[in-house]
There are 2 protein chains.
Amino acid sequence: MTVADRRVAALDLMMELVLLLGGDMTQSLARDGLTVSRAHLLWELRHRGPSTQRVLADALGVSARTITGLVDGLATTGFVTREPHPTDRRATLVTFTAHGAQITETMERGQRDLAQLLFAGIPADRFGHFTEVLGEVMTRLRAQIPPGEVL
Amino acid sequence: MTVADRRVAALDLMMELVLLLGGDMTQSLARDGLTVSRAHLLWELRHRGPSTQRVLADALGVSARTITGLVDGLATTGFVTREPHPTDRRATLVTFTAHGAQITETMERGQRDLAQLLFAGIPADRFGHFTEVLGEVMTRLRAQIPPGEVL
DNA sequence: TATTGTTATACTCTATAACTATA
DNA sequence: TATAGTTATAGAGTATAACAATA
């Protein structure tokens with residue numbers, strides 16, 4: 001196998017990772033009544049606190065219209081509420097319900113569990129090399145993406 | 001940073017990879033008039049040759065109805081045609097047009113270019129460790145996914 | 001009877017454009 | 001004028017269920 005072939009094989013492996021990790025996430029979220037996009041919104045909310053829809057649109061890199069739909073769905077299913085903005089009457093603050101906050105914590109725990117499952121028992125030096133190369137690859141990939149894309 | 005934290009950080013990095021690689025792919029495919037799902041279908045066609053829609057549905061892990069829609073789109077935009085199955089009059093054989101075959105080759109070249117971009121210049125031993133750990137992680141992930149899921 | 005692919009219906013995510021209420 | 005969010009409209013991907021043609 002040539003060097004080029006080994007590189008393509010590594011990319012194939014990363015692509016398979018994308019598919020498997022994506023599929024696994026989709027299914028596990030569906031069990032909680034969530035989609036990937038809605039979970040992404042909850043994730044941002046977790047890290048930012050109550051936020052306007054405009055802020056969420058920029059954070060997720062989607063249109064304002066899309067956020068309206070996502071918040072509609074999350075409000076109907078009881079994960080968030082729309083609260084009036086204290087000073088700007090045009091804006092709403094998307095805010096967790098108790099259920100939404102609890103589910104988000106559960107997601108965070110699930111993430112820790114998955115990380116243990118995937119990496120536990122790998123010798124520290126090998127794990128270190130792995131994350132270093134992965135970091136380098138990510139740096140190259142970020143440089144490749146037209147700036148101002150996909151938060 | 002604890003060991004557990006480092007593992008979560010590595011998983012975060014892989015999640016970012018999923019997002020960036022996915023976004024990059026989506027955009028580059030859009031320039032060719034394709035979506036991720038349609039490209040996935042072309043990819044299977046490339047590796048299997050002319051196939052029935054039933055076979056494609058199983059390969060992509062989606063319903064027969066979804067394949068009808070994907071083939072409709074690809075036929076309208078001139079990537080594939082539906083040809084009669086030589087022996088089973090219920091079935092159709094999805095087949096590349098010249099344009100479809102050419103675009104698929106272009107995609108394959110693009111994949112090689114991306115692999116070079118991401119991995120070129122990384123010392124062989126580090127690259128080797130990286131793919132070994134990645135392979136181990138993939139093995140664990142595959143074991144985790146309920147069997148008979150996401151080809 | 002079983003299988004292939006379609007039509008019918010529905011939900012989610014996405015976008016642009018036009019519009020309302022507010023800044 | 002500019003901004004926040006909505007309604008209107010449209011396209012894509014996904015699913016299940018009912019149905020036609022064929023095996």
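Below, chains carry the letters A, B, ... as their sequence lines are ordered, and counting in each starts from 1. All of these numbers come straight from a predicted model, not from anything done at the bench.
Atom pair B:L74:CG and D:dA12:C1' shows a separation of 12 Å (rounding to whole Å applied). To the nearest angstrom, P of C:dT4 lies 12 Å from CG of B:L56. We find that CG of B:L29 is positioned 15 Å from P of D:dA12, with the value rounded to whole Å. To the nearest angstrom, P of C:dT12 lies 17 Å from CG of A:L60. What separates CD of A:E83 from P of D:dG5 is a distance of 14 Å, to the nearest Å. Rounded to whole Å, the distance from CG on B:D72 to C1' on C:dA8 is 14 Å. We find that NE2 of A:H40 is positioned 17 Å from C1' of C:dT12, with the value rounded to whole Å. Summarising the geometry, the separation between CG on B:L41 and C1' on D:dT14 is reported as 15 Å, rounded to the nearest angstrom.
Proximity of a side-chain donor or acceptor of B:T66 to a complementary backbone N or O of B:V62 within less than 3.5 Å is not detected. No donor-acceptor pair under 3.5 Å is formed between the side chain of B:R82 and the backbone N or O of B:T92.
Set against D:dA15, D:dT6, D:dT3, the side chain of A:R90 has D:dT3 as its closest nucleotide. For B:R89, whose side chain is taken as the heavy atoms from C-beta onward, the closest listed nucleotide among D:dA15, C:dT14, D:dA23 is D:dA23. Proximity note for B:D88 (side chain, C-beta onward) versus D:dT16, D:dG5, D:dT22: the nearest is D:dT22. Of the candidates D:dA15, D:dT14, D:dA12, the closest approach to any side-chain atom of B:L70 belongs to D:dT14.
OP1 or OP2 of C:dT6 sits under 4.0 Å from a side-chain N or O of B:Q53. At C:dA2, none of the side-chain N or O atoms of B:R54 fall inside 4.0 Å of OP1 or OP2 (strictly under the cut-off). Under 4.0 angstrom from either OP1 or OP2 of D:dT14 there lies no side-chain N or O belonging to B:S63. Phosphate proximity of D:dA15 to B:T66: present, with a side-chain N or O under 4.0 Å from OP1 or OP2. Checking the phosphate oxygens (OP1, OP2) of D:dT7, no side-chain nitrogen or oxygen of A:T68 falls inside 4.0 Å.
In this model, a donor atom of one side chain and an acceptor atom of the other lie less than 3.5 Å apart for B:T81 and B:E83.
In this structure, A:R112 and B:D5 have side chains that are in contact, with non-hydrogen atoms separated by less than 4.5 Å.
Nucleic acid contact class of A:T87 (heavy atoms, under 4.0 Å, all strands): sugar-phosphate only. Among the heavy atoms of the strands lying under 4.0 Å from B:S37 are primed sugar atoms or P, OP1, OP2 only; no base atom is included.
Map A:A64 and A:L34 each onto its nearest nucleotide of DNA chain C; the residue landing nearer the 5' end is A:L34. Summary of the strand contacts: A:R65 and A:A91 both lie near DNA chain D, and taking for each the nucleotide with the nearest heavy atom, the more 5' one is attributed to A:A91.
In this pair, A:F119 and A:F130 present their aromatic rings tilted. The plane angle is within the 30 to 60° band. Ring pair B:H129/A:H129 is parallel by interplanar angle, where below 30° counts as parallel and above 60° as perpendicular.
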